[in-house]
Amino acid sequence: MLDIKLIRNEPDKVREAMRRRGEDAPIDEVLALDEQRRSLVTEVEQLKARRNQVSEEIARAKRAGQDATEIIAAMREVSDRIKALDDQVRDVEARLEQLLLTIPNIPHESVPYGQSEEDNVEVRRWGEPRQFDFAPKAHWDIGTGLGILDFERGAKVAGARFAVYRGAGARLERALINFMIDVHTQEHGYTEIWPPFLANTASMTGTGQLPKFAEDMFRCQGEDLYLIPTAEVPVTNLHRDEILDGDQLPIYYVAYSACFRAEAGAHGRDTRGLIRQHQFNKVELVKFVKPEDSYDELEKLVADAEAILQRLELPYRVTMMCTADVGFAAAKKYDPEVWMPSYGRYVEISSCSNFEDFQARRANIRFRRHPKAKPEFVHTLNGSGLAVGRTVAAILENYQNPDGSVTIPDALRPYMGGMTRIEPR
RNA sequence: GGAAGGGUGGCCGAGCGGCCGAAGGCAGCGGUCUUGAAAACCGCAGGGUGACGAGCCCCGUGGGUUCGAAUCCCACCCCUUCCGCCA
C-alpha cells in the first residue's frame, strides 16, 4: 500500500509512476475521498471534543446532586449528529482503503522503463549452455521415459497441471529441497521456518495477493483460508502487526512450502512438463530489513539464489524487470532464469523482489531503531531459492545422456544417497 | 463438533456506566544514595492520527443501548481446559 500522504502531497509523482507501469490507478478518486474523509473527521472530532467536555459536566452535576436533564437533552442532538458523521467516515474510509489496496507499488528509480516483458534487461550470465552431440529431449519425455515423472496419473488423481513424482524422481525433488535449505541456513545465515500452507484473508492482503489477485488462488470452501501461492505469504505475515527491535534486524528466513496457483488465464501456456503446475514446491527466502539497507539486501538475496544454480552447475542469467513487469507489490525485481534446452531459452526459476515498505504498511510490520524511538515500517524482500520443480526440469534436461539416463549433479549426490545417475528402469 | 472458562499497556493483573488511557506489581529508562553493584527511595515511561502542540481514537473484532461504555446487550474471532473425532 502506498502512503496516503505521498499521494496527497505528490500526486503527480505517483501518477507518473503509474504511467511508467502502464497502470491506470484511481489517483483522482483517492484524492477526492481523502479530502472528504479529512473534512468529515475534522467536523466529527470537534463534536466529540464537545461531547467529552459536556459529559464531564453532566457527571459533575450529578455528583453534586444537581439536575442535568436539560444538557442531556441538548447532547442527544449532538450525539445523533456524531453517529451520522461516524457512519459517513466509516463508509468513506472503507472505500478509500479498498482503492488504496488496488494501487501497485512505485518502481524504484533504477528500474528501466518498459511496456512489456520484452523490455526486461539482462544484467549478467553465468555458465555456458551445453552443446549436445545428440538430439536432447524435453524433461517431460526424459522423466516419463525414466519412470520418475507421471503426468497422466497426476491428471487422473487431481487434474491437468498436477504431476506425480516416483522413485528417484521423488527423491530428487526431496533432495533439492534439503540441499537448498541447508545451503541457505548453513552458509547464508537464514533461519529455517516451516509455515502453514494455508493462510487467511488478512495475511493474503498483507503481502498483496488480495484483493486484486483472488482468482489466482485456491480457496477453501466455507472457510477464510486460501492455499498459499508461495511461502512468502505465511512467512512475511509472521511479523504482521508487530513492532520489532531494531537490533533484531535484518531477519533472514528460509522456508520450504508447497505452492498452489490456480493459473487462471494461463490456458495453453507451458502445458507440458513441470514448468507451470497447480501445485509445486519452492524454497523461499524472506528478509525484514532497515529501509536504508534494502537495496544492498536485494543484491545479496539474488546472489543467494544464484549460489544454488552455481552449485548445481546450471547455466543461467539474471534479468531485471522493467516497469511493466516488476510485479504489483515490488519496487524492484530480479529474475534468475535457468537455461532450459527444450525451450531453447532461459526460463524463470526464481524471482527476487524488494517491496520497500509496501507490504510492511499493508501488514503493519514495524521496528524501533532505538528502544524509545518511534516505530518505522521495515522493508521486506523475498526471493525463490529456488523453485524446485523447475530445478528438476532443468537438471533432467541439462544433465541428460544419450541413453536416456540423467547424471546427478555432484552437489546433490550426498542428498541422493550417493547416486550418480538415474537410469531407465 | 460439544461443554466450561478467558481475552485489559512489554509481561502479570485490578477495574461499581461518569472522577479510567486505565490501580498495583514486574521488567525497562533516568536520578538520589554507594568506592562499585545490589537494595531502598524519587521520577519517566503504550499505539495511531496530527505539526513529537491541542484535540480525537484505541481495553480481541464488529455492531448496538446510553447524554456518556473497558464496564450493559448481540454477533463473530482467538486462546485454555475437558469430552468426542482423527494423522
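Atoms considered below: every heavy atom in the structure, side chains included; atoms not considered: hydrogens, waters and symmetry mates. Here is how names work: the chains are called A, B, and so on, in the same order as the sequence lines, proteins then strands, and each is numbered from 1.
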C56(B), G46(B), G18(B): which one has an atom nearest the side-chain heavy atoms of Arg63(A)?
G18(B)

Pair listing, salt bridge (charged side-chain N to carboxylate O under 4.0 Å, His left out) test, anchored in residues 170-194 of chain A, at least two apart
Glu187(A)-Arg311(A)

Could you tell me whether Arg366(A) contacts a base, only the sugar-phosphate backbone, or nothing, with contacts defined as non-hydrogen atoms closer than 4.0 Å?
sugar-phosphate

When you look at Asp241(A) and Asn364(A), which way does the side chain to side chain donor-acceptor pair (under 3.5 Å) test go after all the steps?
CA-CA 5 Å; Asp241(A) 293 322; Asn364(A) 194 26; 3.2 Å; yes

Between A70(B) and A23(B), how far is it from one P atom to the other, in whole Å?
15 Å

Whole-Å distance separating the CZ atom of Arg81(A) from the C1' atom of C56(B)
17 Å

Would you measure the distance from the C1' atom in U61(B) across to the matching atom in G50(B) and give it in whole Å?
26 Å

Base, sugar-phosphate, or nothing: which does Arg37(A) touch, judged by heavy atoms less than 4.0 Å apart?
nothing

Taking only distance into account, with no hydrogens and no angle test, what donor-acceptor pairs under 3.5 Å do side-chain atoms of residues 208-217 of chain A form with protein atoms, sequence neighbours excluded?
unit_1	atom_1	unit_2	atom_2	d
Gln209(A)	OE1	Thr207(A)	OG1	2.7
Lys212(A)	NZ	Glu23(A)	OE2	2.9
Lys212(A)	NZ	Thr102(A)	O	3.1

Taking Leu285(A) as the fixed residue, which of Leu381(A), Asp304(A), Val302(A) is the one that meets the side chain to side chain contact (heavy atoms under 4.5 Å, CB included) rule?
Asp304(A)

So Asp119(A) and Tyr113(A), side chain to side chain donor-acceptor pair (under 3.5 Å) or not? Walk me through it.
CA-CA 8 Å; Asp119(A) 299 317; Tyr113(A) 173 74; over 6 Å; no

Rounding to the closest angstrom, what is the interatomic distance between A87(B) and A3(B) at atom P?
25 Å

How many whole angstroms separate atom NE2 of His370(A) from atom C1' of C52(B)?
15 Å

Distance check, C1' atoms only: U32(B) and G48(B), in whole angstrom units.
36 Å

What is the separation between atom CG on Asp241(A) and atom C1' on G48(B), rounded to the nearest whole Å?
13 Å

Full working for side chain to side chain contact (heavy atoms under 4.5 Å, CB included) between Leu386(A) and Val283(A):
CA-CA 5 Å; Leu386(A) 305 163; Val283(A) 171; over 6 Å; no

Rounded to whole Å, CG of Leu85(A) lies from C1' of C56(B) at a distance of 14 Å

What residue among Leu31(A), Val30(A), Asn9(A) forms side chain to side chain contact (heavy atoms under 4.5 Å, CB included) with Ile4(A)?
Val30(A)

Output a table of nitrogen or oxygen pairs between the protein and nucleotides 27-29 of chain B separated by less than 3.5 Å.
unit_1	atom_1	unit_2	atom_2	d
C29(B)	O2'	Lys372(A)	NZ	3.3

Write down the distance separating the C1' atoms in G5(B) and G53(B), rounded off to the nearest Å.
46 Å

Between Glu376(A) (CD) and C52(B) (P), how many Å, whole number?
14 Å

Taking a pair to mean Watson-Crick or G-U wobble geometry with both distances below 3.5 Å, G1(B) pairs with C83(B)

Of Lys374(A) and Gln53(A), the one whose closest nucleotide on RNA chain B sits nearer the 5' end is Lys374(A)

Same-atom distance (C1') from G25(B) to U8(B), integer angstrom
15 Å

Nearest whole angstrom, please: distance from the P of C56(B) to the CD1 of Ile82(A).
11 Å

Scoring nucleotides 57-75 of chain B by protein non-hydrogen atoms under 4.0 Å (B base, S sugar-phosphate only, - none) yields S-----S-S-BS-------

Going by side chain to side chain donor-acceptor pair (under 3.5 Å), Glu297(A) matches just one of Lys287(A), His379(A), Lys290(A). Which one?
Lys287(A)

Go through it in stages, so that I can follow the logic: the residues are Val289(A) and Leu249(A), the test is side chain to side chain contact (heavy atoms under 4.5 Å, CB included), and I'd like the CA-CA distance, side-chain angles, deciding distance and then a yes or no.
CA-CA 6 Å; Val289(A) 308; Leu249(A) 301 177; 5.8 Å; no

Between side-chain atoms of residues 51-65 of chain A and protein atoms elsewhere (two or more places apart, or another chain), which donor-acceptor pairs fall under 3.5 Å?
unit_1	atom_1	unit_2	atom_2	d
Asn52(A)	ND2	Lys48(A)	O	3.4
Ser55(A)	OG	Arg51(A)	O	3.0

What's the gap between A69(B) and G63(B) when it is taken at their C1' atoms, as a whole Å value?
14 Å

Can you check the distance between G10(B) and A45(B), where both ends of the measurement are the C1' atom (answer in whole Å)?
12 Å

Paired with C52(B): which nucleotide, if any, by Watson-Crick or G-U wobble criteria at under 3.5 Å for both distances?
none

Atom CZ of Arg368(A) and atom P of G10(B): how far apart are they, to the nearest Å?
8 Å

Side chain of Ala59(A), heavy atoms from C-beta onward: which of G55(B), G18(B), G46(B) has the nearest atom to it?
G18(B)

Arg261(A): side-chain contact (heavy atoms from CB on, under 4.5 Å) partners, not counting sequence neighbours
Pro229(A), Thr230(A), Glu263(A), Phe280(A), Lys282(A)

With a 3.5 angstrom cut-off on both distances, give the Watson-Crick or G-U wobble partner of C41(B), or none if there isn't one.
G31(B)

Which one is paired to C26(B), where only Watson-Crick or G-U wobble pairs with both distances under 3.5 angstrom count?
G10(B)

What's the CD1-C1' distance between Ile4(A) and G50(B), to the nearest Å?
15 Å

